[in-house]
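Only one structure is covered here, and it is reproduced in the block below.
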Amino acid sequence: MRLSQYFIPTIKENPSEAQIVSHRLMLRAGMIRQSSAGIYIWLPTGLRVLNKIADIVREEQDRAGANELLMPTIQPAELWQESGRYDAYGKEMLRITDRHDREMLYGPTNEEMITDLFRNSIKTYKNLPLSLYHIQWKFRDEVRPRFGIMRGREFLMKDNYSFDLDFEGAKASYNKMYVAYLRTFARLGLVAIPVRADAGAIGGDLSHEFQILADTGESTLYYDKGIESFDLASLTGDIDDETVAKLQSYYAMEEEKHDADNCPVPVEGLKTAKGIEVGHIFYFGTKYSESMGAKVAGPDGKEVPVEMGSYGIGVSRLVGALIEANHDDNGIIWPEVVAPYKVGLINLRAKDENCTAACDALYNKLLSADIEVLYDDRDAGAGAKFADMDLIGLPWQIIVGPKGIEKGILEFKNRRSGERVELTENELLVKLG
RNA sequence: CGGGGAGUGGCGCAGCCUGGUAGCGCACCUGUUUUGGGUACAGGGGGUCGCAGGUUCAAAUCCUGUCUCCCCGACCA
């Protein structure tokens, strides 16, 4: 993409409303714009990152055997009246009345709808286990949205729902997601600590929160540092129960629930860090299947309410969380897997014909090699270009100026380390390929 | 929902106390200049001062109401 044709309104100064670094950088790098409190417009680069994260989440869900579908954002109130949550949910739920005076709501989550779908479609244990998910916008009318898209009212969430005949099955489904989550976050280059959690408003007794480590996190964690030594990214195929049990045996608690006196981990094995919650998984049994009559026939022919669990990942929140974990004073530093583009090409002298011809040619070569490139072809000062490119945070930068052209070399910069090397065009193409 | 703060060109702000023709920096447009870390100079465009009432000869400024946004705290992917 040529920057001269791109919509990426960067801002030099810090917007006064942005308090945390990810919010500030997302506004400054032209990724988002606020529409109203807790509701954002996703601009081209922001959207690209959001989609890349969603793709990784999707791949890992699919790998775990889940089925993707798409439920609507607007739901009928009746389903929620059936489960009893229409009253329980309170003001956080955005309620809407349509032209026929029918009560509707903008979904904050989808347990009711998926349970309704299930009960209308599945009647026998032979169709279990079943795992259904979608990646859809949610709305929770938070009293005080803040931190940009990290705590917005409208947010993109992957929510998965599992259906099993009995507790053993449900637990297996739960563990499958547990592993899928660790894999997902590992692929994003994040250290995610699974913290034992209360099941909270959704109810149930088996629950973990996934907290990624970042200095600006909202919660303080205490955990057994042994868990960090697990190389989750390299785990493939089915992970045996033993490994899962081992993983889940590692101690990890939020500050409020951490009891220093009775902690099973000795002080020297304990680490403390700030975390951002990016995922939450629950087993909640028959809470909804009972109230909504989602039953299946077992092998004995008797109908039983189906055992369920639900599993959320805050996809839009992950964009912010990734920035919290990957930035410096100059801007964002994207991990390659989610970077809006892999490389930025800077033409230092757009008015110089030779320089521009060389840049144009290189740009076309990169495009035909399927390398995602953002080409700064604007007629602007070098300083402005460097600053913008650092702010946007692509993992690699190619810097082309008249000096280098004369010598037949390009500069290749690593955004994270700041290291610059001089390469010929061929060497560069090999490196990026 | 409790406490605090703010709404003035795209962004950041001053002006308000003490009413009297709306200003600064950045950004933007034109020209010249500069060219490896946000160049410099000159000229230019853009604002019913959140909205609605009220007081006054006169309101960004004073009064009342209202909306929105932000921050701290309690709650959430």
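Nothing here was measured: the structure is a model prediction, and the numbers come from that model. Sequence lines set the chain letters: A, B, ... in the order given, protein chains first and strands last, and positions in each chain run from 1.
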Watson-Crick or G-U wobble mate for B:C57, both contacts under 3.5 Å = B:G20

When you compare B:G2 with B:G45, how far apart are their C1' atoms, in angstrom units rounded to a whole number?
-> 47 Å

Side chains of A:S219 and A:E277: is there a donor and an acceptor less than 3.5 Å apart?
-> no

Just checking A:D159: base, sugar-phosphate only, or nothing, at a heavy-atom cut-off of under 4.0 Å?
-> nothing

To the side chain of A:S36, which of B:C69, B:G36, B:G38 is closest?
-> B:C69

C1' spacing across the pair B:G4 / B:A74, given as an integer number of angstrom = 16 Å

Nearest to side-chain heavy atoms of A:I11, which nucleotide of B:G36, B:G38, B:C11 = B:C11

B:C76 C1' sits how many Å from A:I276 CD1, rounded?
-> 15 Å

Where the side chain of A:D388 is defined as all heavy atoms beyond and including C-beta, which of B:G38, B:A77, B:U35 is the nearest nucleotide?
-> B:G38

Look at all strands and tell whether A:E142 reaches a base, only sugar-phosphate, or nothing, counting heavy atoms closer than 4.0 Å.
-> base

Ignoring the backbone of A:E13, work out which of B:A77, B:A74, B:C26 is nearest its side chain.
-> B:C26

Same-atom distance (C1') from B:C28 to B:G10, integer angstrom = 9 Å

Could you tell me whether A:K91 contacts a base, only the sugar-phosphate backbone, or nothing, with contacts defined as non-hydrogen atoms closer than 4.0 Å?
-> sugar-phosphate

Side chain of A:E218 - closest among B:C76, B:G38, B:G36 = B:C76

Partner of B:G73 by Watson-Crick or G-U wobble geometry, both contacts under 3.5 Å, or none?
-> B:C1

If you measure from the C1' atom in B:G37 to the same atom in B:U48, how many Å do you get, rounded?
-> 42 Å

Between B:G44 and B:A58 - C1' atom distance, rounded Å = 32 Å

Does B:C49 have a Watson-Crick or wobble partner in any strand here, with both distances under 3.5 angstrom, and which is it?
-> none

Do A:D388 and A:R378 meet the salt-bridge criterion of a basic N to acidic O distance under 4.0 Å?
-> yes

Between A:H258 and A:E254, is there a donor-acceptor pair closer than 3.5 Å when you use the side chain of the first and the backbone of the second?
-> no

With heavy atoms under 4.0 Å as the rule, sort A:E17 into base, sugar-phosphate or nothing.
-> sugar-phosphate

Are the charged groups of A:K171 and A:E307 less than 4.0 angstrom apart, N to O?
-> no

Identify whether any heavy atom of A:V278 sits under 4.0 Å from a base atom; if not, whether one sits that close to sugar-phosphate; answer base, sugar-phosphate or nothing.
-> sugar-phosphate

Going by modelled atom types, is there a donor-acceptor pair between the base of B:G12 and the side chain of A:N14 at under 3.5 Å?
-> no

Select base, sugar-phosphate, or nothing to describe what A:A384 touches, counting heavy atoms under 4.0 Å on all strands.
-> base

Write down the distance separating the P atoms in B:U33 and B:C41, rounded off to the nearest Å.
-> 16 Å

Could you tell me the separation between the CG atom of A:D328 and the P atom of B:G37, rounded to a whole number of Å?
-> 18 Å

Any side-chain donor near an acceptor of the partner, A:Q34 and A:Y40, under 3.5 Å = yes

When you compare B:G19 with B:U55, how far apart are their C1' atoms, in angstrom units rounded to a whole number?
-> 11 Å

What class does the angle between the rings of A:F185 and A:F210 fall in, given that below 30° is parallel, 30 to 60° is tilted and above 60° is perpendicular?
-> tilted

From CD1 of A:I399 across to C1' of B:U35 the rounded distance in Å is 15 Å

Phosphate contact (B:C72 OP1 or OP2) by A:Q19 side-chain N/O below 4.0 Å | no

Which base sits across from B:C26 as a Watson-Crick or G-U pair, both distances under 3.5 Å?
-> B:G10

Can A:F386 be said to stack with the base of B:G36, given centres closer than 5.5 angstrom and planes under 30 degrees apart?
-> no

Please give the nucleotide sitting opposite B:U34 as a Watson-Crick or G-U wobble pair, both distances under 3.5 Å, or none.
-> none

Hey, does the side chain of A:H23 reach the backbone of A:I20 with a donor-acceptor pair shorter than 3.5 angstrom?
-> no

Less than 3.5 Å between a donor and an acceptor, one on the side chain of A:R378 and one on the base of B:G38, is that the case here?
-> no

Per A:M157 side chain, nearest of listed nucleotides B:A77, B:G36, B:U34 = B:A77

Within less than 4.0 Å of OP1 or OP2 of B:C72, is there a side-chain N or O belonging to A:R144?
-> yes

B:G50 and B:U61: how far apart are their C1' atoms, nearest whole angstrom?
-> 16 Å

For A:R33, which contact category applies under a 4.0 Å heavy-atom criterion: base, sugar-phosphate, or nothing?
-> nothing

So what does A:G320 touch, heavy atoms closer than 4.0 Å: a base, only the sugar-phosphate, or nothing?
-> nothing

Could you state the CG-P distance from A:D141 to B:C76, rounded to the nearest angstrom?
-> 16 Å

Please state how far atom CD1 in A:I39 lies from atom P in B:C70, giving the value in whole angstrom units.
-> 10 Å

Integer-rounded Å distance: B:U35 P and A:I405 CD1 = 18 Å

Comparing A:A18 with A:G279, nearest RNA chain B nucleotide closer to 5' gives the residue A:A18

With the side chain defined as heavy atoms from C-beta on, A:R146 is closest, among B:C72, B:G36, B:A77, to B:C72

Taking the side chain of A:A387 as its heavy atoms from C-beta onward, which of B:G73, B:A77, B:G38 lies nearest to it?
-> B:G38

A:Y106 OH to B:A77 P, in whole Å, measures 17 Å

Has the side chain of A:K413 got a donor or acceptor that lies under 3.5 Å from a partner of the other kind on the base of B:G37?
-> yes

Which residue lies more 5' along RNA chain B, comparing A:S316 with A:R349 via nearest heavy atoms | A:R349

Do A:K158 side-chain atoms and A:Y311 backbone N/O form a donor-acceptor pair below 3.5 Å?
-> yes

Rounded interatomic separation in angstrom, taking NZ from A:K351 and P from B:U32 = 8 Å

Which nucleotide in the list B:G36, B:G12, B:A77 gets nearest to the side chain of A:S16?
-> B:G12

Are A:Q136 and A:N110 linked by a side-chain donor-acceptor pair shorter than 3.5 Å?
-> no

